[in-house]
Amino acid sequence: MPGGTLEVPMIPARNLRRHLDTLVASAIERAIAAGDLPEVAIPAETVERPKDPSHGDYASTAALRLARAAMRPPLAVAEAIAKHLERDETIEAPRVAPPGFLNFRLASTYLQDQVDAVLREGATFADLDLGTGKRAQVEFVSANPTGPLHVGNGRGAAIGDTLASLLEAAGYEVEREYYVNDAGTQAEVFAETLYARYQQLFGREAEIPPEGYPGAYMIEIAEQIRAEAGDRYLRPPGEAPDPELGERGIAIMLERIRATLERFGVRYDRWYSERSLYRPDGPYEQAMALLRERGFLVEREGALWFASSELGESKDNVVVRSDGRPTYYASDIAYHFEKFTERGFDLVIDVWGADHHGHVSRLKTAVGALGIDPARLHILLYQLVTLKRGGEVVRLSKRGGDIITLDELLDEVGPDAARFFFLQRSPGAQMDFDLDLAVKQSNENPVYYVQYAHARLSSILQRAAEQGLTPEGGDVRRLDQPHELALVREMLKLPEVIESCVTTFEPHPLPQYALDLATAFHAFNDAFKQQGDPLLKVITGDEQLSRARLKLVAAARIVLARVLGLMGMSAPDRM
RNA sequence: GCGGCUGUAGCUCAGCGGACAGAGCACUGGUCUUCGGAACCAGGUGGCGGGGGUUCGAAUCCCUCCAGCCGCGCCA
């Protein structure tokens with residue numbers, strides 16, 4: 001640190017946009033005070049990133065928005081704002097561009113200083129404080145433990161897990177949860193199917209129920225139980241199965257699901273049993289009591305209904321069937337009641353397959369009826385996945401039980417590529433998963449392009465270290481080449497990318513950003529080849545310059561590793 | 001029938017009120033005796049499903065039509 005000079009706290013990259021917004025707003029105020037602009041309301045948040053980098057790093061549309069109220073041409077308004085704009089260390093002089101934009105370019109010295117800032121912040125670079133002090137829960141996958149996870153569940157897993165990581169980066173304290181449907185009809189049918197397969201192993205005639213699970217995995221589970229417990233669950237013909245058999249089967253299925261997810265890089269903080277909602281004086285009883293108290297429960301046709309039509313829903317919905325058993329809807333109400341009250345999450349995110357979208361509004365209505373602000377619940381829907389191979393759609397037939405499992409996908413393309421491809425598309429878009437492209441270990445595959453950049457970064461640092469060269473003592477002011485500054489510019493976008501992902505609850509900008517960052521690095525790294533100038537290499541004869549560039553390399557590596565980490569992908573040092 | 005999602009470059013998809021519409025793949029032509037070529041540079045490609053409207057400005061908002069998918073059980 002240079003001594004003697006006044007230390008002004010540097011504007012961190014994560015606050016740049018807001019900082020520029022403030023600069024523009026106060027410039028407008030001063031312009032008004034000076035009589036260069038008439039009295040007008042000051043627009044908020046006018047600064048954005050222009051699509052075209054030649055327009056600068058940021059641009060304000062304030063003049064375009066004010067023109068009408070100010071009764072002046074937008075260009076004149078822009079000039080007036082520019083005239084009064086206070087400059088600081090972050091930007092160069094703003095430029096006015098037709099039809100009335102105010103364009104900002106980050107100052108080279110600011111960019112250079114950010115390299116040191118990244119090195120100082122390390123893995124916490126790009127952390128935000130949006131969620132500081134708040135607790136969030138992300139519940140995802142939550143597939144019925146009645147069969148193996150399929151490819152669609154993989155999409156939900158990638159989205160949910162990455163969203164959780166993004167929330168953590170934004171300062172939230174996050175819990176990842178899997179809701180286990182171990183109660184209800186599906187679990188019963190599963191148990192019946194399992195008992196049928198189990199009996200078959202002992203040579204009995206037994207048929208799986210019409211709506212049962214025909215997949216071969218049910219035979220495997222039955223075999224596993226026979227191997228562990230012999231004929232303990234065999235009952236006289238015609239009798240209902242031992243409830244413990246079903247439980248044991250579900251436990252086995254769940255363990256398989258857990259192993260698949262682990263392989264995919266997903267770890268849960270909690271596996272929440274649906275059945276546990278029904279404990280005495282538990283969430284189910286409490287939630288229903290509260291709804292009854294508030295007059296939202298009505299008995300009709302022998303069943304108990306939630307009077308959701310009074311609350312704007314298209315119809316009422318059954319919560320307790322006429323046979324006395326609660327519906328899944330009742331479970332979900334109780335489950336969410338428990339999330340908000342007993343566990344006190346500030347924010348709850350459910351990641352669901354789009355086939356459940358009809359349930360979204362109903363659940364939010366119920367949450368509201370329980371006195372909880374429905375805005376605290378965000379339900380993220382993702383569309384179905386189609387697999388493609390050789391340009392042909394891989395047909396998925398659920399009937400025959402020959403779905404493509406997530407395990408099979410992981411066998412074929414590996415977790416890193418699978419996650420990258422799942423994350424690339426916005427959740428709302430149906431996606432085609434191109435197996436051919438995902439498997440390719442070549443430049444055609446964006447996954448390797450990104451990871452390769454990380455490996456190259458690592459390799460440079462290592463090679464330098466072998467020559468006794470480290471970033472230590474490098475002077476970032478030596479970083480003045482266009483490719484160097486372009487790389488820094490790209491690095492500084494990460495906090496904004498994270499903020500955007502978190503506020504929209506959608507992680508899909510991450511892969512594109514990873515690609516952009518990798519591109520900026522590759523261009524920087526190969527500039528010397530392109531320009532035929534060996535002095536542009538990181539490791540040159542100029543030791544001080546080398547150290548400065550090693551700082552840039554080390555900082556870029558930190559940022560790229562962070563992005564890969566957020567996506568749940570590995571950041572290899574060699575490939 | 002009602003409701004939701006989707007329709008953007010040859011393919012897969014971003015962009016969702018602002019500056020000539022972008023990325024990856026595919027395609028074409030170059031670079032470099034390579035700090036790892038799984039690299040770099042350059043190039044063409046569409047005017048955003050059709051129509052109407054709002055706006056200084058629309059792929060982005062509104063209306064309508066068309067197409068695909070999903071939902072509308074005392075299944076989850």
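The chains referred to below are lettered A, B, ... by the order of the sequence lines, with proteins before strands, and numbering in each begins at 1.
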* To do: Test A:L304 against every option in A:V318, A:V298, A:V319 by the side chain to side chain contact (heavy atoms under 4.5 Å, CB included) rule and name the one that passes.
  => A:V319

* side chain to side chain contact (heavy atoms under 4.5 Å, CB included) with A:F306: which of A:D316, A:T327, A:L291? ->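 The residue from A:D316, A:T327, A:L291 that satisfies side chain to side chain contact (heavy atoms under 4.5 Å, CB included) with A:F306 turns out to be A:L291.
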
According to a strict under-4.0 Å criterion, is [X] in side-chain N/O contact with OP1 or OP2 of [N]?
| X | N | result |
| --- | --- | --- |
| A:T327 | B:rC74 | no |
| A:R325 | B:rC74 | no |
| A:T61 | B:rG18 | no |

Between [X] (side chain only) and [Y] (backbone N and O only), is there a donor and an acceptor less than 3.5 Å apart?
| X | Y | value |
| --- | --- | --- |
| A:S276 | A:S273 | yes |
| A:R49 | A:E496 | no |
| A:S308 | A:K315 | yes |
| A:Q462 | A:S458 | no |
| A:R419 | A:M567 | yes |

Round to a whole Å and report the spacing from [atom1] of [X] to [atom2] of [N].
| X | N | atom1 | atom2 | value |
| --- | --- | --- | --- | --- |
| A:F521 | B:rA39 | CZ | C1' | 10 Å |
| A:Y328 | B:rG73 | OH | P | 9 Å |
| A:Y449 | B:rA39 | OH | P | 7 Å |
| A:R275 | B:rA76 | CZ | P | 15 Å |

Proximal nucleotide (of [options]) relative to the [X] side chain:
| X | options | value |
| --- | --- | --- |
| A:L515 | B:rC70, B:rG36, B:rA23 | B:rA23 |
| A:M575 | B:rG24, B:rG36, B:rC5 | B:rG36 |
| A:A523 | B:rC35, B:rC20, B:rC40 | B:rC40 |

* To do: Runs of at least three consecutive Watson-Crick or G-U pairs, both distances under 3.5 Å, are what I'm after; which ones involve RNA chain B?
  => B:1-7 with B:66-72, B:10-13 with B:22-25, B:27-31 with B:39-43, B:49-53 with B:61-65

* With a 4.5 Å heavy-atom cut-off, do A:I250 and A:F190 have their side chains touching? -> yes

* Trace of the ring-ring contact (aromatic ring centres under 6.0 Å, His included) decision for A:Y272 with A:Y178 -> CA-CA 6 Å; A:Y272 194 96; A:Y178 189 115; over 10 Å; no

With rounding to the closest Å, how many angstrom separate the [atom1] atoms on [N] and [M]?
| N | M | atom1 | answer |
| --- | --- | --- | --- |
| B:rA23 | B:rG36 | P | 29 Å |
| B:rG15 | B:rG7 | C1' | 15 Å |
| B:rC48 | B:rC72 | C1' | 32 Å |
| B:rC20 | B:rG57 | C1' | 15 Å |
| B:rU12 | B:rU55 | P | 37 Å |
| B:rG53 | B:rA59 | P | 15 Å |
| B:rU45 | B:rG1 | P | 42 Å |
| B:rG10 | B:rA58 | P | 24 Å |

With sugar-phosphate meaning primed atoms plus P, OP1 and OP2, does [X] contact a base, only sugar-phosphate, or nothing at under 4.0 Å between heavy atoms?
| X | value |
| --- | --- |
| A:A453 | nothing |
| A:D516 | nothing |
| A:A67 | nothing |
| A:T185 | sugar-phosphate |

* Asked: For B:rG47, does the glycosidic angle fall within 90° of 0 (syn) or outside that (anti)?
  -> syn

* Is A:F101 stacked on the base of B:rA19, with ring centres under 5.5 Å apart and planes under 30° apart? ->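 The base of B:rA19 is stacked with A:F101 (centres under 5.5 Å, planes under 30°).
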
* List the protein contact pattern of nucleotides 10-16 of chain B with one symbol per nucleotide (5' to 3'): B for base contact, S for sugar-phosphate-only contact, - for none; contact means a heavy-atom distance under 4.0 Å. => --BSSS-

Checking side-chain polar atoms at under 3.5 Å, does [X] have a donor or acceptor matched by the opposite partner on [Y]?
| X | Y | value |
| --- | --- | --- |
| A:S331 | A:E274 | yes |
| A:H336 | A:D350 | yes |
| A:H55 | A:R95 | no |

Taking RNA chain B as the partner, which of [range] come within under 4.0 angstrom of it by heavy atom?
| range | result |
| --- | --- |
| residues 545-553 of chain A | none |
| residues 524-538 of chain A | A:N525, A:D526, A:F528, A:K529, A:Q530, A:K537, A:V538 |
| residues 300-318 of chain A | A:E301, A:A303, A:K315, A:V318 |

Without placing hydrogens or testing angles, list every side-chain donor-acceptor pair under 3.5 Å for residues 424-433 of chain A, not counting sequence neighbours.
{"from": "A:D432", "atom 1": "OD2", "to": "A:K388", "atom 2": "NZ", "distance (Å)": "3.1"}

* Asked: When the ring planes of A:Y328 and A:H359 are compared, do they come out parallel, tilted or perpendicular, using 30° and 60° as the limits?
  -> tilted

base_contact_polar ([N] base, [X] side chain, donor-acceptor, <3.5 Å):
| X | N | value |
| --- | --- | --- |
| A:H357 | B:rC5 | no |
| A:S322 | B:rC74 | yes |
| A:N103 | B:rA19 | yes |

* Structure fact -> Contacts of A:S54 and A:R456 projected onto RNA chain B by closest heavy atom; the upstream (5') one is A:S54

